[in-house]
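Per chain, numbering begins at 1; letters A, B, ... match sequence-line order. Reckoned from all heavy atoms, side chains included, excluding hydrogens, waters and symmetry mates.
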Protein chains: 2
Amino acid sequence: MAEIAALAGVSKPTVSKVMNGQPGVAATTRERVERVIAERGYVRHGAARALSAGRSGSVNLVVKEVDNPYHAEIIRGVEETLERAGLSMVLTATHDEERRHRRWMARVLEHGTDGAILVLPDEHFTHLAELHNRGIPVALVDDRGEIPVGVASVGATNFAGGFAATEHLLSLGHRRIAIIGGPSFKSTRERVAGYRTALQEAGVAVDPRLHQAGGFVAETGYEAAKNLLRLDEPPTAIFAGNDLQAMGVYRALYEAGLRTPDDVSVIGFDDLPLSRLLTPALTTVRQPVREMGALATRMLLQTIAGEKLESSRVELATSLVVRESSGPPKI
Amino acid sequence: MAEIAALAGVSKPTVSKVMNGQPGVAATTRERVERVIAERGYVRHGAARALSAGRSGSVNLVVKEVDNPYHAEIIRGVEETLERAGLSMVLTATHDEERRHRRWMARVLEHGTDGAILVLPDEHFTHLAELHNRGIPVALVDDRGEIPVGVASVGATNFAGGFAATEHLLSLGHRRIAIIGGPSFKSTRERVAGYRTALQEAGVAVDPRLHQAGGFVAETGYEAAKNLLRLDEPPTAIFAGNDLQAMGVYRALYEAGLRTPDDVSVIGFDDLPLSRLLTPALTTVRQPVREMGALATRMLLQTIAGEKLESSRVELATSLVVRESSGPPKI
DNA sequence: TTCTGTTTGGAAACCGGTTTTTAGAAGGCT
DNA sequence: AGCCTTCTAAAAACCGGTTTCCAAACAGAA
């Protein structure tokens, strides 16, 4: 910058003002400086800017795993929003490992990023309070429910989603409806509650044998479905905990020689982009995942800007997307 | 840091040495300083470090879209490798938009990151040369073939993959084998060349009507398969350009009431994690995508460290993964 | 012509570390 | 005892910008 200043016959502060579009520089001078900048292809040194300006211009996004279509959607929502705001996204995967948690914590703490967005903070995540205490802006997506006061968080209306899916199956005539849960997140519990409530309102008894549990992965869906098919009175419909589980259910049904939805209806949760590509296309409860990421980002940016949030907790609406995998039960 | 120094009764440089584990500090002093650091929970200011040390400790990864399972695998490979090296990953999606290209270029140029990894640089990418000229370390994954001398790049043995897939289908007895190409990348051309070579070696005539083209998305596979099924003499096997296209082929076959592999065999390319979850599980040509990302990262780190690369271009081996979607043709 | 108010632009301080240089103390040697 | 090393740690310079503060120049008004 000193070089540019010398070439343009001005001082460093003047060049700085020109680059930042600040007032206090005569039009002719500004033009001259700009020409020199363009000629030399000068770009500022980011670290120096970050140091004196006090902000890094980037935000840290922490997910459990990057190669997971659910997280990919969130990543996309966050990236787009940050890009629009002129910020960069630092992405970290934790894989539930303590070491990786510490690494990104260190990164955030040393002001490597201006704030952090956490997706589904897991067991190891005991650090949230510390971030908050140090005054570092944080926002959460699809949290597990234990949020320190004042931390922004975005979720979905899981109860309504579970209710709607179950109601849909009931209206098709199903009475033996199984559900596959997920990890013991608040969101999972709400979905199951929605399922139970819908059954009860329809006067259908809740059969605990029809409730399987496990992780949010395809294997869980596969194993759970196999268990369910072994029951004396197997279900005519399976409500998977998410779309990935539903793929596992598809596989179990395929191996058992059963057809969807003729023999068994399947419903997923999330509405990942791939769910409409499956054969048959998956009926699922849509969560606006990308929008959730975008919203959490906007809330974080507000926090960073020092603005007060209208509400620190926001839940976006889920909606049932009926495709090919749900139909009336075989007599 | 000045505060820590005062509390420990030493000077800033001493604290700096302690934090960086440098010699020249007496054991007792070091211990005292470390205790104060721990007590106060002190963390260095990243920007200040980056400024004086001259490196940001992060690398920029540029992909076209983050919500794409192929890219997700690369992202994962890159992230893991960087994490192990103690660096952060800044992720940027371009969506082929000129504006986004400029943004990340600016970021890299202003030393916001120590280097960049580009995945499948697309049309808009005319900036590679500039980066190279400015001496900024760059590595490429799955490039299109036009690489400036000296830039590290990682690819896969696409010709061999195309050849192996076709040979597999031929050995099952197929003679009407269709292929769906992708964008006009070097990789695509090589795969098609492998396909043609395999056919010719087997003495099977290459029928241009059996060659469809389009993007690396499911819709392309869907449309292409519909076109192929309308032919007077439709194919008994379809070799999709990638796994996503294969999903589109599945859908077209499903809608046409055809069964896989009984009526039509399908082969994909990539071996994404989800390809084994499909029903039927997809036979595909495996590309070690994650490893390609990891390798490109390692090559970049070498470049950053100033080490000479043994070879600036590396191609990893593809391998055929036979699952359920390929079988002998119906008589 | 003199005074006041407004631009314009530069000098200096600062951001928070790292690196280099220098000074002092301790220990070893003749 | 005197001199030379070797350690240890502090002082100062530096990284490359931004921000604050102030002076000079200029314009308009009295």
Are OP1 or OP2 of dT18(C) and a side-chain N or O of Arg49(B) less than 4.0 angstrom apart?
yes
Residue whose closest nucleotide on DNA chain C lies nearer the 5' end, Thr29(A) versus Ala53(A)
Thr29(A)
Among [options], find the nucleotide with the atom closest to the side chain of [X].
| X | options | value |
| --- | --- | --- |
| Ser52(A) | dT18(D), dA12(D), dA9(D) | dT18(D) |
| Lys12(A) | dT19(D), dT8(C), dG17(D) | dG17(D) |
| Asn20(A) | dG9(C), dT18(D), dG16(D) | dT18(D) |
| Arg44(A) | dA9(D), dT18(D), dG9(C) | dT18(D) |
| Ser11(B) | dA10(D), dG16(D), dT18(D) | dA10(D) |
| Pro13(A) | dG10(C), dG16(D), dG9(C) | dG10(C) |

What contact category does Val15(B) fall into here, base, sugar-phosphate, or nothing, at under 4.0 angstrom with non-hydrogen atoms?
nothing
Heavy atoms only, 4.0 Å cut-off, all strands: where does Gln22(A) land among base, sugar-phosphate and nothing?
sugar-phosphate
Interatomic distance where CD belongs to Glu3(A) and P belongs to dG16(D) [whole Å]
11 Å
Between dT18(D) atom P and Arg55(A) atom CZ, what is the distance in whole Å?
9 Å
Presence of salt bridge, Glu83(B) and Arg76(B), under 4.0 angstrom:
no
What I want to find out is whether Arg290(A) reaches Glu79(A) closely enough, with some N-O distance under 4.0 Å, to be called a salt bridge.
no
Taking for each residue the nucleotide of DNA chain D with the nearest heavy atom, is it Ala26(B) or His45(A) whose nucleotide lies nearer the 5' end?
Ala26(B)
Near Gln22(A) CD, under 6.0 Å, is it more than 12 heavy atoms from other residues, nucleotides or ligands?
yes
Can you find a heavy atom in the side chain of Thr92(A) that is under 4.5 Å from one in the side chain of Met89(B)?
no
